[in-house]
Amino acid sequence: MKNRDVARLTDRYVAHTYARYPVALVRGKGARVWDADGREYLDFLAGIAVNALWHCHPAVVRAIQQQSRKLLHVSNLYHILPQAELARELCRHSFADRVFFCNSGAEANEAAVKLARRYGGEHLGGKYEILSAHNSFHGRTLATLTATGQEKVRAGYDPLPEGFRQIPFNDLRSAEDAIDAQRTVGILVESIQGEGGVNVADPDYLRGLRELCDRRGLLLILDEVQTGMGRTVKLFGYENFGITPDIMTLAKALGGGLPIGAMLAREEVANSFAPGSHASTFGGNPLVCSVGLAVIKTLLSGGVMKNCARMGKFFLQGLEKLKNRFSFVRGIRGKGLLLGLELEMEGAKIVDECMKEGLLLNCTAYKVLRFAPPLTITEKEITRGLGILEKVLARQ
Ligand SMILES: Cc1ncc(COP(=O)(O)O)c(C=O)c1O
């Protein structure tokens with residue numbers, strides 16, 4: 001089957017929820033992918049920050065092979081060794097004491113909202129409201145799209161659930177003013193707004209939110225679905241800011257390409273979940289957790305994070321050169337290998353043209369080109385990709 005055949009099949013049978021490019025990616029190796037017509041692309045998007053360890057990284061492939069020979073799935077009615085081990089590793093390397101596993105970022109945030117509500121009911125006189133930021137993105141379930149600070153994500157889904165309100169990002173005073181002493185239970189925020197345009201939280205903002213939550217007895221919930229698992233040079237984004245949250249959510253890169261989500265919490269907060277209060281059939285199954293273990297071990301022991309730090313700097317230097325050359329480049333933002341190049345014009349056409357030249361990236365918030373390559377990317381690949389981008393920008 002060629003690209004066109006796959007596209008035809010998709011158009012005929014798959015729900016029309018995505019605006020797709022006219023290519024079908026069928027194979028991946030390292031930082032490269034190939035489409036059904038045999039064309040090769042350099043992947044600067046990595047499944048939107050999922051393939052932190054390349055495509056088909058040997059550690060991930062090995063974990064899938066080994067675990068799939070033993071046991072793919074059992075119910076959470078039983079103990080699951082890879083799940084317990086992955087939870088232990090996540091807790092060892094973070095602020096958290098307990099982990100709830102699910103299958104996606106939205107579900108991880110849904111779990112965080114549910115836990116915050118139970119905690120509010122148990123300890124804070126029934127407080128339930130979550131404050132989140134304008135331009136944030138937290139998922140597509142009804143609760144998480146209501147927490148998401150983007151009108152376009154919420155459009156058409158009224159009536160939305162109660163108990164969510166948005167505040168301006170990076171504005172501490174507004175956060176404090178927005179707190180409702182009777183209702184607000186917590187503040188949900190990303191350390192870098194990935195979908196919202198690669199907007200990095202000011203260190204003073206996150207530290208201020210931590211202090212505010214402590215002073216007002218609220219939960220600080222960090223959505224690290226996109227920033228987690230090494231992408232910002234630290235294993236978790238919050239480590240760049242010298243704070244710890246009460247609850248954190250992960251997904252994307254944690255599964256090395258398999259679907260997984262995780263909600264991590266401090267013991268006192270996690271204790272508001274009791275047997276029966278939340279569950280997931282597939283959450284934390286043996287296969288995904290074995291792969292999650294391989295991902296975290298490889299990230300921590302294989303020099304990947306060091307590579308992310310070095311390549312992040314190298315990538316940034318390359319983007320600086322583009323900014324100096326093209327007057328329509330407004331700015332560069334990001335940390336590690338989650339980077340954005342803000343343009344004066346819409347970026348969709350540039351993404352299209354880059355794809356035609358063999359480079360995958362995407363555009364968020366209309367004007368921001370987003371780069372989230374595998375953390376294992378090399379200097380040579382970055383140079384090649386930025387060369388393609390430069391050629392495309394020069395045509396504008
Ligand atoms: C910060 C953040 N939170 C949550 C989500 C939702 O994750 P998922 O698509 O796995 O439900 C995303 C997805 O892009 C995200 O970037």
Side-chain angles (χ1 to χ4, degrees), residues 3 6-7 18-61 64 105 194-195 198 225-233 251-259 291 295 298-299 302 304-305 307-308 310-312 314-316 318-319 322 334-341 347-364 368-393:
N3 284 331
V6 182
Y18 303 98
R20 296 178 198 261
Y21 297 106
V23 299
L25 300 174
V26 293
R27 191 161 67 87
K29 188 167 193 281
R32 292 175 298 162
V33 285
W34 286 265
D35 71 16
D37 294 354
R39 280 206 67 201
E40 180 185 315
Y41 304 84
L42 186 56
D43 189 359
F44 274 11
L45 192 59
I48 315 192
V50 168
N51 301 101
L53 295 180
W54 276 334
H55 289 278
C56 303
H57 189 281
V60 170
V61 172
I64 293 172
E195 300 303 303
V198 194
V225 166
Q226 192 155 152
T227 49
M229 305 314 293
R231 184 147 292 281
T232 67
V233 174
K252 289 196 182 270
L254 177 58
L258 296 196
V291 176
V295 168
T298 310
L299 280 179
V304 179
M305 310 254 294
N307 188 67
C308 173
R310 278 198 309 115
M311 291 308 114
F314 185 73
F315 208 122
L316 209 55
L319 292 179
L322 297 182
K335 248 186 206 317
L337 283 170
L338 179 55
L339 296 167
L341 189 79
K349 187 165 151 257
I350 288 163
V351 171
D352 284 352
E353 288 187 29
C354 282
M355 202 179 71
K356 283 184 194 137
E357 298 286 341
L359 174 67
L360 302 184
L361 51 108
N362 90 329
C363 177
T364 65
V368 182
L369 301 180
R370 172 175 42 182
F371 311 95
L375 309 184
T376 40
I377 194 108
T378 63
E379 258 187 37
K380 212 168 144 196
E381 287 162 341
I382 293 172
T383 305
R384 185 152 69 85
L386 290 183
I388 295 175
L389 179 61
E390 182 167 15
K391 194 164 109 184
V392 168
L393 291 178

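What you see below is based on every heavy atom in this structure, not just the backbone, and it leaves out hydrogens, waters and symmetry mates. Everything numeric here is computed off the predicted structure, so don't read it as measured data.
From Arg384, atom CZ reaches atom CD1 of Ile377 across 9.0 Å, with rounding to the nearest 0.5 Å. One distance of note links CG of Leu316 with NZ of Lys335; it measures 10.5 Å at 0.5 Å rounding. Expressed to the nearest 0.5 Å, how far CD1 of Ile48 lies from CG of Leu338 amounts to 11.0 Å. For the atom pair CG (Leu341) and CZ (Arg370), the distance works out to 13.5 Å, reported to the nearest 0.5 Å. The distance from atom CZ of Arg32 to atom CG of Asp43, rounded to the nearest 0.5 Å, is 12.0 Å. Here the SG-CG distance, from Cys308 to Leu337, works out to 4.0 Å after rounding to the nearest 0.5 Å.
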Inset, instruction - Step by step, work out the side chain to side chain contact (heavy atoms under 4.5 Å, CB included) result for Leu319 and Leu386. - result: CA-CA 8 Å; Leu319 292 179; Leu386 290 183; 3.9 Å; yes

Inset, instruction - Give the C-alpha distance, both sets of side-chain angles, the deciding distance and a yes or no for side chain to side chain contact (heavy atoms under 4.5 Å, CB included) between Val295 and Leu254. - result: CA-CA 7 Å; Val295 168; Leu254 177 58; 5.6 Å; no

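Between Leu389 and Phe371, the closest side-chain pair of non-hydrogen atoms falls below 4.5 Å. Looking at Pro22 and Met355, their side chains come closer than 4.5 Å, going by heavy atoms from C-beta outward. Looking only at side-chain heavy atoms (C-beta outward), Leu359 and Val392 stay at 4.5 Å or farther from each other. Contact check for Leu375 versus Met229: no side-chain heavy atoms found under the 4.5 Å cut-off. Side-chain contact between Val198 and Leu339 is absent, with no heavy atoms from C-beta onward closer than 4.5 Å. Side-chain contact between Leu322 and Glu390: present, with at least one pair of heavy atoms (C-beta onward) separated by less than 4.5 Å.
With hydrogens and angles ignored, the 3.5 Å screen pairs a side-chain donor or acceptor of Arg231 with a backbone N or O of Pro373. Remark: the backbone N or O of Asp37 is paired with a side-chain donor or acceptor of Asp35 at under 3.5 angstrom. In this structure, the side chain of Asn307 does not engage the main chain of Thr378 through any donor-acceptor pair within 3.5 Å.
Residues His55 and Lys29 share a closest heavy-atom pair of CB-N, 3.7 Å. Nearest heavy atom pair, residue Gly256 against residue Val60, reads O-CG1, 3.8 Å. What you find for Ala46 and Ala372 is that their closest heavy atoms are CB-O, 3.3 Å. Residues Gly358 and Arg39 share a closest heavy-atom pair of N-NH2, 3.7 Å. Across all their heavy atoms, Trp54 and Thr376 have their closest contact at CD1-OG1, 3.0 Å. Looking at every heavy atom in both residues, Cys363 comes nearest to Ala348 through SG-N, 4.2 Å.
For the salt bridge (charged side-chain N to carboxylate O under 4.0 Å, His left out) test, residues two or more places apart in sequence or in another chain that qualify with Lys391 are Glu357.
A centroid separation of 6.0 Å or more is found between the aromatic rings of Tyr21 and Tyr41.
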